[in-house]
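To keep things clear, I will list the structure first and then write my remarks on it.
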Amino acid sequence: MTDPKDTINIENVVASTGIGQELDLQSVAMDLEGADYDPEQFPGLVYRTQNPKSAALIFRSGKIVCTGAKSTDDVHESLRIVFDKLRELQIQVNEDPEIVVQNIVTSADLGRNLNLNAIAIGLGLENIEYEPEQFPGLVYRLDDPEVVALLFGSGKLVITGGKKPEDAEHAVDKIVSRLEDLGLLE
Amino acid sequence: RLRKWQERIRTKDAGERNLQFALSETDRMASSLAIPRSVREVACVIYRRALDEDLIRGRSIEGVATSTLYAACRMEGIPRSLEEVAAVSRVERKEIGRTYRYVAQELNLEMEPVNPKKYVPRFCSELELSEEVQVKANEIIDVTTEKGLLSGKSPTGYAAAAIYAASLLCNEKKTQREVSDVAQVTEVTIRNRYQEQIEAMGIHE
DNA sequence: GCTTTAAAAAGTAACTT
DNA sequence: AAGTTACTTTTTAAAGC
């Protein structure tokens, strides 16, 4: 039997940082190829990196959000590319800007089908949200770790809201033991 | 002292006006959906609770009124789908669904997922199908649900497929188009659910 | 509250071929 | 009827309306 923890896969990492310098996004948009900037629609400039694949949202304040990376290492690599691109435009970028991971999205597989109706009632209707007319997943909010899990009938799940990769492992452990306690697994 | 009292009266009056408008809207929507008076009263009780707990802030009266009517129908066992209530509301489906989830959570309504069987009598009646078809559709829903087919599926699509299958089995065939029209789901959804259900039932044809 | 970005899960819908 | 695209849910930062 496969340990559900071994099926955990990081799908997206969101992080924030800053170059410590204000930016003229209009001129950055002119000089940076591939940059999307439409201040009427959104105050941030969008710049996409190819390897690793990610999207950086660059703001007038010099703060940057990076999303779409598949690991924390990829976030650092993507942002290193963004920093270098800005330096090429003669923009001062701090030596090693602090990068803070804000959210990690993970997927996993419990390996067996789930009776979401029974789980909704078993875990307590006041703690979960399950509205198959609106979305096929059951929404389960955990207090520790503080993450949100989306459980599907196939046994696959999504864990989001965590800040460390371990958060997803702890969440999977708790979910598995709670479902086992209720006799809703296997 | 006087100021506080005036504010209380003003708030109370605003609340009364709010409630009056909500109740007239609920009545209008309920009438066009042929929802019984007893269900409208349940909807009004929920709305009053939402008003008392200050859940209307930042939301439209119409949106909350539509959501409470949707919730009341489910509570009373005669659900209307979100598309059905959205058709008589001036609030869009997505907003009704969001508001419903918020109100249900905040008021601890502890709503259970809708059992597709709850749609069988009304849909079958609109399709002029016999009691025999209804019994068969309910059986299909019970058996396939027991086999785990219901998880994650929309109750309307699930009921529609069972009714379509039952109409075939009872020689009272309705087309997928006819069933999709009353259930407000696409023929593709009926086809997909139907295939799963007859396979789980061990029916070949 | 909204706007934008990414990503997974699975269901439903709206198109075109 | 099949295929594609797109939308539903959740999370999170950023700046501005």
Side-chain angles (χ1 to χ4, degrees), chain A residues 7-18 22-23 25 36-49 52-71 74-75 78 99-110 113-114 116 129-142 146-163 167-168, chain B residues 57-60 81-83 92-95 97-98 101 150-158 160 176 180 183-193 195-196:
Chain A
T7 69
I8 292 177
N9 195 19
I10 293 178
E11 306 289 354
N12 184 24
V13 178
V14 182
S16 59
T17 188
E22 290 234 340
L23 291 167
L25 294 183
D36 287 337
Y37 181 49
D38 183 358
E40 301 280 310
Q41 195 176 111
F42 188 67
L45 179 156
V46 182
Y47 180 72
R48 283 162 231 272
T49 62
K53 199 177 139 197
S54 77
L57 308 178
I58 305 171
F59 297 88
R60 189 201 74 286
S61 64
K63 290 189 175 180
I64 299 173
V65 170
C66 178
T67 183
K70 293 276 180 197
S71 68
D74 281 357
V75 166
S78 291
I99 295 171
V100 181
V101 173
Q102 304 286 357
N103 180 31
I104 296 179
V105 183
T106 299
S107 66
D109 191 350
L110 297 181
N113 291 337
L114 300 176
L116 298 183
E129 239 181 46
Y130 175 48
E131 290 293 333
E133 189 182 344
Q134 299 184 56
F135 185 68
L138 180 152
V139 183
Y140 184 31
R141 283 162 211 280
L142 308 216
E146 200 177 313
V147 299
V148 174
L150 307 178
L151 308 183
F152 297 86
S154 63
K156 292 190 176 171
L157 64 149
V158 170
I159 291 165
T160 186
K163 297 214 181 308
D167 289 342
Chain B
R57 247 181 227 184
R59 262 161 272 268
S60 69
S81 67
L82 286 172
E83 13 279 310
E92 59 175 37
R93 193 201 115 121
K94 185 174 158 184
E95 180 60 21
R98 281 190 182 180
R101 280 181 284 148
L150 182 57
S151 278
K153 268 71 164 223
S154 157
T156 32
Y158 207 88
Q176 292 179 0
S180 79
Q184 299 248 298
V185 297
T186 63
E187 294 159 272
V188 177
T189 296
I190 292 183
R191 224 170 283 136
N192 291 337
R193 297 301 134 253
Q195 287 298 337
E196 291 176 353

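Predicted model, so just to flag it, every value in this text is computed and none were measured. Each chain gets a letter, A, B and so on, in the order the sequences are listed, and its residues count up from 1.
- For the pair A:Leu114 CG and C:dA9 C1', the computed distance is 12 Å after rounding to whole Å.
- The closest donor-acceptor contact from the side chain of A:Thr49 to the backbone of A:Ser78 lies at 3.5 Å or more, if one exists at all.
- A donor-acceptor contact shorter than 3.5 Å is absent between the side chain of A:Lys163 and the backbone of A:Asn103.
- C:dT12 atom C1' lies 9 Å from atom CD of B:Glu83, rounded to whole Å.
- The distance between atom CG of A:Leu25 and atom C1' of C:dT4, rounded to the nearest whole Å, is 14 Å.
- Counting any heavy atom pair closer than 4.0 Å across all strands shown, B:Val185 reaches sugar-phosphate atoms only and no base atom.
- Taking 4.5 Å as the limit, some side-chain heavy atom of A:Leu110 sits within range of a side-chain heavy atom of A:Leu157.
- To the nearest whole angstrom, the two P atoms, one in D:dA6 and one in C:dT4, are 15 Å apart.
- Looking at A:Tyr37, its side chain never comes within 3.5 Å of a backbone N or O of A:Tyr47 through a donor-acceptor pair.
- Shown here for A:Leu23 and A:Gly62, the closest heavy-atom pair between the two residues is CD1-CA, 4.2 Å.
- In this structure, A:Gly44 reaches neither bases nor backbone, as no heavy-atom distance under 4.0 Å exists between it and the strands shown.
- When only modelled atom types and interatomic distance are considered, B:Ser180 and B:Glu187 share no side-chain donor-acceptor pair under 3.5 Å.
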Self-check item: Pairing annotation in dot-bracket form, given for DNA chain D with Watson-Crick or G-U pairs under 3.5 Å and | for cross-strand partners
Solution: ||||||||.||||||||

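- Counting any heavy atom pair closer than 4.0 Å across all strands shown, A:Val105 reaches a base atom.
- In this structure, B:Arg59 and A:Phe42 both approach DNA chain C, and ranking their closest nucleotides by distance from the 5' end singles out B:Arg59.
- Here B:Thr189 reaches the OP1 or OP2 of C:dA13: one of its side-chain N or O atoms lies under 4.0 Å away.
- Across all strands, A:Thr106 comes closer than 4.0 Å to no nucleic acid atom at all (heavy-atom distances).
- Within the 3.5 Å criterion, the main-chain N or O of A:Gly153 finds no donor-acceptor partner in the side chain of B:Ser151.
- Atom CD of B:Gln184 and atom C1' of C:dA14 are 15 Å apart (whole Å).
- The separation between A:Ile10 atom CD1 and C:dA6 atom P is 19 Å, rounded to whole Å.
- Look at B:Arg101 and A:Glu131 and you find no salt bridge, because none of the NZ, NE, NH1 or NH2 atoms lies under 4.0 Å from a carboxylate O.
- Between the P atoms of D:dT9 and C:dA13, the separation comes to 15 Å (whole Å).
- With a cutoff of under 4.0 Å to any heavy atom of chain B, the contacted region of DNA chain D is bounded 5' to 3' by D:dA1 to D:dT10.
- The CD atom of B:Glu95 sits 11 Å away from the P atom of C:dG1 (whole-angstrom rounding).
- Rounded to whole angstrom, the span from the CG atom of A:Asp38 across to the P atom of C:dT5 amounts to 10 Å.
- Of the side-chain N and O atoms in A:Gln41, none sit less than 4.0 angstrom from OP1 or OP2 of C:dT3.
- When each of C:dA13, C:dT5, C:dA10 is scored by its nearest atom to the side-chain atoms of A:Pro136, the top-ranked nucleotide is C:dA10.
- When the side-chain nitrogen and oxygen atoms of B:Thr186 are compared with OP1 and OP2 of C:dA13, one or more of them lie within a distance under 4.0 Å.
- Remark: B:Arg193 is not in phosphate contact with C:dG11, judged by side-chain N or O atoms under 4.0 Å from OP1 or OP2.
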Exercise. Would you please test A:Leu114 and A:Leu151 for side-chain contact (heavy atoms from CB on, under 4.5 Å) and show each step?
Key: CA-CA 8 Å; A:Leu114 300 176; A:Leu151 308 183; 4.3 Å; yes

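- No more than 12 heavy atoms of other residues, nucleotides or ligands shown are found within 6.0 angstrom of CD on A:Glu146.
- When heavy atoms are screened at a 4.0 angstrom cut-off, B:Arg57 is found touching no nucleic acid atom at all.
- When rounded to the nearest whole Å, the span between CG of B:Asn192 and P of C:dT12 equals 8 Å.
- As judged by a 4.0 angstrom heavy-atom cut-off over every strand, A:Ser61 is placed among residues touching the sugar-phosphate backbone only.
- The nearest heavy atom of DNA chain C to B:Ser151 and to A:Thr160 marks one nucleotide each, and the one closer to the 5' end goes with A:Thr160.
- Looking at A:Asp36 and A:Arg48, their side chains come closer than 4.5 Å, going by heavy atoms from C-beta outward.
- Each of A:Val14 and A:Gln134 lies near DNA chain D, and the nucleotide nearest A:Gln134 is the one positioned closer to the 5' end.
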